[in-house]
Amino acid sequence: MPFLNTNSLASLVESAVSTHSSHLGRAAHAQIIKTLDAPLPSFLSNHLVNMYSKLDLPNSALLVLSLTPTRSVVTWTSLIAGSVQNGHFAPALLHFANMLRECIQPNDFTFPCAFKASASLLFPVTGKQVHAIAVKAGQIRDVFVGCGCFDMYCKTGLWDDASQVFDEIPQRNIVMWNAYMSNAVLGGRPRHAIVKFMDFLGVGGKPDSITFCAFLNACSDMWVLELGRQLHGFVIRYGFGNDVSVMNGLIDFYGKCRDVASSAIVFDRISRRNDVSWCSMMAVYMQNDEEEKACEVFLQVRKVGLEPNDFMVSTVLSACAGLSGFELGRSVHALAVRICVEGNIFVGSALVDMYGKCGIINDAERIFEEMTNRNSVTWNAMISGYAHQGHADMALALFEDMRSDNGEITPNYVTLVCLLSACSRAGAVQKGIDIFESMRKRFGIEPGPEHYACVVDLLGRAGLVEHAYEFVKKMPFQPTISVWGALLGACRMYRKPELGKIAADNLFKLDPNDSGNHVVLSNMFAAAGRWEEATLVRKEMKEVGIKKGTGYSWITVKNAVHVFHAKDTSHERNSEIQGMLAKLRKEMEEAGYNPDTNFALFDLEEEEKISEVWYHSEKIALAFGLIAIPPGVPIRITKNLRICGDCHSAIKFISGIVGREIIVRDNNRFHRFKDGLCSCRDYW
DNA sequence: TTAGGGTTAG
């Protein structure tokens, strides 16, 4: 080793920080000890404290600090900044306190760290103390300190204090204005952000890309498509048409305002897309229920030879979960392992969710067990995986584990929804009611519309339909779509057209464009032999211009997706499919199966109705699956609408005849058929 | 010191 002077030793330490290599850092430290006698020059000690702290080796950092006889503001600030950077906010504040105890004055680098730590811990009281110290030290007028202070008040919800700080800062730079706008959006005051933007222009300010992004966020929160469009023009005029950040912001904005086409146009016109552009486009498709398109974007990423990142992987996994796209999901899992992102908490949670929704509960469990970091989303995903399978006992057991895990992660709003839906799917009525009634007291969670909807579903599914209606009437707020939807579902299941009409009428008011509700109601009347009323509902539907969407079912075989619509004969293996359908029909008839023709269009003759239900897309997909998928492998079908009642009972029956596991995911839930049974009890 | 994208329910 050549002789190293103190400057080159310092740069060795710096390179350990910049490459984030603790190995290099330790080696540099060893070299320093070898080369120099103690005590080290203070600037080198500072470098070491900074290095260990940034490398998230807090004990080593503290050790060096305690061995440094002359600790300066730089030494302490290095320690504090590293702690904050690595998310250790409470220790950062402790170090800050110790520094003051040593009578060392914090500087313009220290205060922002202390503010950030207070903000992250949501400690407004501590934040106020730091503020007082900064005022006393005469530092508050510094833009960095002032901005940190302002940000702290925003993040801890003290908006008035924040505004006061903003007004008192003498020289506001663009960062300060941007901070105001983005915090206003984050704090649910998008209108404030827009007003501030106007003020900013009024004082001759020149917006930058962050300003535009903040403005766009405000627009998407307020759903003001027109205002955002105007800003789009403004962006171009200001010469930001090639700024990838602003373009990404526009993709996101249009997507949130449900103008997917504009998002796609912006995306297509970006000459140099970055990771965020791709991710944003995927997210837009996801937010607008176009999972297939999201998958396509992901495949395009791979096609152009880009390495996907953790964001893309978690998004595409959730698309797979929505589509029950188990094959793609599995291959994305393999990819995640290869690019080393499977340890990421978002990716892990998305994997648990994907496997759970695809019904591969063992793999979901395995991923869950192997995850070293779990957050409430991870737990909820696993609980809902059990719920989807109808394993209320497992869901409840996991919930208990969650509560006793380490106290860090507590059940939240969604956890309770998952649990209640697990009870409802498993028919655990009393258990569900107990949980619902105790949620405020035991878990401190105020029951919301989703929880009420679960209880309605719970009661309704157990046949207590009138009870369910009484429960709805006693709700402390207006019942939502999901509440009436759950009641309508129960009425359909137990054939209660009168009550069903009440539920449906409410749904028509709240959700006039959903054709599904009309179809359910008319089928319900048809099932009760009340053809006139059934026809009337269909007529109304036509008059108002509501169309029943086309039903599609799809199935993946060897990475190719095969899509079928009703009466589809276009598949290249159509003759085999028809042969299989005929064979199934014969075997089922011999085994005594009666098709339920209430689900066919009711103005047909009985004979026609039978053939009508026989050629529903899910049955065709199933026939194809039986031909193309080797025995022993489960057949997975996805349908974009609700599975029809006859198909549900037919598939149940078929699963017994052919001795195969059949999994159908429709737009409502998940059905696993095996040995003539289905995981969801009494669906119709 | 400001910002752009992700995971859980129904």
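Labels below follow one simple rule: chain letters A, B, ... track the order of the sequence lines, proteins then strands, and each chain is numbered from 1. Since the model is a prediction, treat every value here as computed from it, not as a measurement.
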Rounded to the nearest angstrom, tell me the gap between atom [atom1] in [X] and atom [atom2] in [N].
| X | N | atom1 | atom2 | result |
| --- | --- | --- | --- | --- |
| A:L250 | B:dG5 | CG | P | 12 Å |
| A:K256 | B:dG5 | NZ | P | 5 Å |
| A:Y180 | B:dT2 | OH | P | 17 Å |
| A:F150 | B:dA3 | CZ | P | 10 Å |
| A:I210 | B:dG4 | CD1 | C1' | 9 Å |

Short side-chain N/O contact to [N] OP1/OP2 from [X], under 4.0 Å:
| X | N | value |
| --- | --- | --- |
| A:S421 | B:dG10 | yes |
| A:R425 | B:dG10 | yes |
| A:S384 | B:dA9 | yes |

Checklist outcome for this item: The residue among A:Y386, A:W379, A:F443 that forms ring-ring contact (aromatic ring centres under 6.0 Å, His included) with A:F399 is A:F443

When we call it a touch if two heavy atoms are under 4.0 Å apart, what does [X] touch: a base, just sugar-phosphate, or nothing?
| X | result |
| --- | --- |
| A:D252 | sugar-phosphate |
| A:D310 | base |
| A:S245 | base |
| A:A214 | nothing |

Which nucleotide wins on minimum distance to the side chain of [X], given the candidates [options]?
| X | options | answer |
| --- | --- | --- |
| A:F346 | B:dG6, B:dA9, B:dT8 | B:dG6 |
| A:N217 | B:dG4, B:dG5, B:dT2 | B:dG4 |
| A:V143 | B:dT1, B:dA9, B:dG6 | B:dT1 |
| A:Q287 | B:dA9, B:dG6, B:dG5 | B:dG6 |
| A:P112 | B:dT7, B:dT1, B:dG5 | B:dT1 |
| A:T315 | B:dT8, B:dG6, B:dG5 | B:dG6 |
| A:N274 | B:dG6, B:dT7, B:dG4 | B:dG4 |
| A:L186 | B:dG6, B:dA3, B:dG5 | B:dA3 |
| A:F144 | B:dT8, B:dG5, B:dT1 | B:dT1 |

Next on the checklist: Does the plane of the ring in A:Y452 sit parallel, tilted or perpendicular to the ring in A:F477? Use 30° and 60° as the thresholds.
Outcome noted: perpendicular

Next on the checklist: Whether the side chain of A:N344 and the base of B:dG6 hold a donor-acceptor pair under 3.5 Å is what I'd like checked.
Outcome noted: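 Present.
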
Checklist entry - Do the side chain of A:S314 and the base of B:dG6 come within less than 3.5 angstrom through a donor-acceptor pair of N or O atoms? => result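 Indeed, a donor on one side and an acceptor on the other fall under 3.5 Å apart.
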
Checklist entry - A:S280 side chain to A:D252 main-chain N or O, any donor-acceptor pair under 3.5 Å? => result no

Would you please indicate if the ring centroids of [X] and [Y] are separated by under 6.0 Å?
| X | Y | result |
| --- | --- | --- |
| A:F267 | A:Y285 | no |
| A:H451 | A:Y413 | yes |
| A:W278 | A:F298 | no |

